[in-house]
Amino acid sequence: MNDYTKLIKSEEGKIVIIWFYNEKPKPLAIGKKMNDLNDLAYMNGYNWHAFLDFYLTKHHPDLLEDLEPDPEGGSYWASYPLSKQNEEKGEKFIAVITDLIENEEKIYEILRKEGSNIDWD
């Protein structure tokens, strides 16, 4: 468990929410290093959206199906329509984010090799 991701199942809103709090200490520190490596990668919620979209397109395109992103300055928020399958996709998406943050060298390697291919905010 970490303090920077949360999966919320909203019966009322009929959605599954993926919430990534990019202003928590660990993602914030990673974001600073990302910006040091690439001037365009100032890591607010919009640029996390750009990075995650790029990463998912290459490595987990199945997670993009039915995904509705809604990034903000201090967080990345996205949702799927509520279903058992989409709950599983939400859990997998949280695992992808966690894996990237806990293995931050993956992020830095992507920036070094492909940072110019990311559609930054």
Side-chain angles (χ1 to χ4, degrees):
M1 197 70 187
N2 62 61
D3 69 344
Y4 53 82
T5 59
K6 184 185 269 188
L7 184 73
I8 303 166
K9 183 172 118 178
S10 172
E11 297 284 347
E12 182 179 309
K14 297 186 183 347
I15 56 175
V16 177
I17 300 166
I18 296 88
W19 210 326
F20 172 44
Y21 302 94
N22 53 276
E23 291 188 345
K24 292 290 186 175
K26 190 163 191 171
L28 197 60
I30 291 168
K32 181 178 178 345
K33 185 161 183 183
M34 290 172 75
N35 190 224
D36 290 345
L37 292 170
N38 184 320
D39 288 343
L40 297 175
Y42 53 92
M43 297 313 290
N44 58 19
Y46 301 99
N47 271 342
W48 276 110
H49 167 62
F51 180 83
L52 291 169
D53 191 58
F54 179 82
Y55 184 81
L56 293 177
T57 298
K58 294 189 89 168
H59 301 282
H60 302 280
D62 58 307
L63 295 180
L64 292 170
E65 186 179 335
D66 295 329
L67 183 69
E68 290 292 330
D70 186 15
E72 303 294 334
S75 65
Y76 169 85
W77 188 93
S79 64
Y80 293 108
L82 184 60
S83 72
K84 181 66 178 159
Q85 180 184 10
N86 284 340
E87 282 182 61
E88 291 169 3
K89 284 168 58 175
E91 290 170 2
K92 184 176 176 184
F93 193 0
I94 293 285
V96 166
I97 294 169
T98 302
D99 179 60
L100 288 167
I101 297 299
E102 296 303 317
N103 299 286
E104 62 197 79
E105 282 303 319
K106 290 180 181 182
I107 294 172
Y108 307 142
E109 188 66 19
I110 291 166
L111 281 181
R112 287 183 198 103
K113 289 183 176 179
E114 302 178 273
S116 63
N117 297 327
I118 298 172
D119 189 19
W120 300 107
D121 178 50

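When reading the values below, keep in mind they use all heavy atoms of this one structure, side chains included, and skip hydrogens, waters and symmetry mates.
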By salt bridge (charged side-chain N to carboxylate O under 4.0 Å, His left out) - contacts of [X] (at least two apart):
| X | result |
| --- | --- |
| Asp36 | Lys32 |
| Glu65 | none |
| Lys33 | none |
| Asp62 | Lys92 |

With hydrophobic residues grouped by side-chain heavy-atom distances under 4.5 Å, do [X] and [Y] end up in a single group?
| X | Y | result |
| --- | --- | --- |
| Tyr46 | Ile101 | no |
| Phe93 | Leu82 | yes |
| Ile30 | Ile118 | yes |
| Met43 | Trp77 | no |

Listed partners of [X] passing side-chain hydrogen bond (donor to acceptor under 3.5 Å, both in side chains), at least two apart:
| X | value |
| --- | --- |
| Asn117 | none |
| Glu72 | none |
| Trp19 | Ser75 |

Donor-acceptor list for residues 103-113 side chains, cut-off 3.5 Å, not counting sequence neighbours:
residue : atom : partner : partner atom : Å
Asn103  : ND2  : Asp99   : O            : 3.0
Asn103  : ND2  : Asp99   : OD1          : 2.8
Glu104  : OE2  : Tyr108  : OH           : 2.7
Lys106  : NZ   : Asp99   : OD1          : 3.3
Lys106  : NZ   : Asp99   : OD2          : 2.4
Glu109  : OE2  : Lys113  : NZ           : 3.3

The ring-ring contact (aromatic ring centres under 6.0 Å, His included) partners of Tyr80 (sequence neighbours excluded) come to none
Can you list, pair by pair, the side-chain donor-acceptor contacts under 3.5 Å of residues 5-14, counting residues two or more places apart and other chains?
residue : atom : partner : partner atom : Å
Thr5    : OG1  : Asn2    : OD1          : 2.9
Thr5    : OG1  : Asn2    : ND2          : 3.2
Ser10   : OG   : Gly13   : N            : 2.8

Cluster membership besides Leu28, Ile/Leu/Val/Met/Phe/Trp/Tyr side chains within less than 4.5 angstrom, sorted by chain and number, is none
Heavy-atom closest pair (Lys89 atom, Leu63 atom, distance to 0.1 Å) is O-CD2, 3.6 Å
Report all side-chain donor-acceptor pairs from residues 47-57 shorter than 3.5 Å, counting only partners two or more places apart or in another chain.
residue : atom : partner : partner atom : Å
Asn47   : OD1  : Asp121  : N            : 2.6
Asn47   : ND2  : Leu40   : O            : 3.0
Asn47   : ND2  : Tyr42   : O            : 2.9
Thr57   : OG1  : Asp53   : O            : 2.7

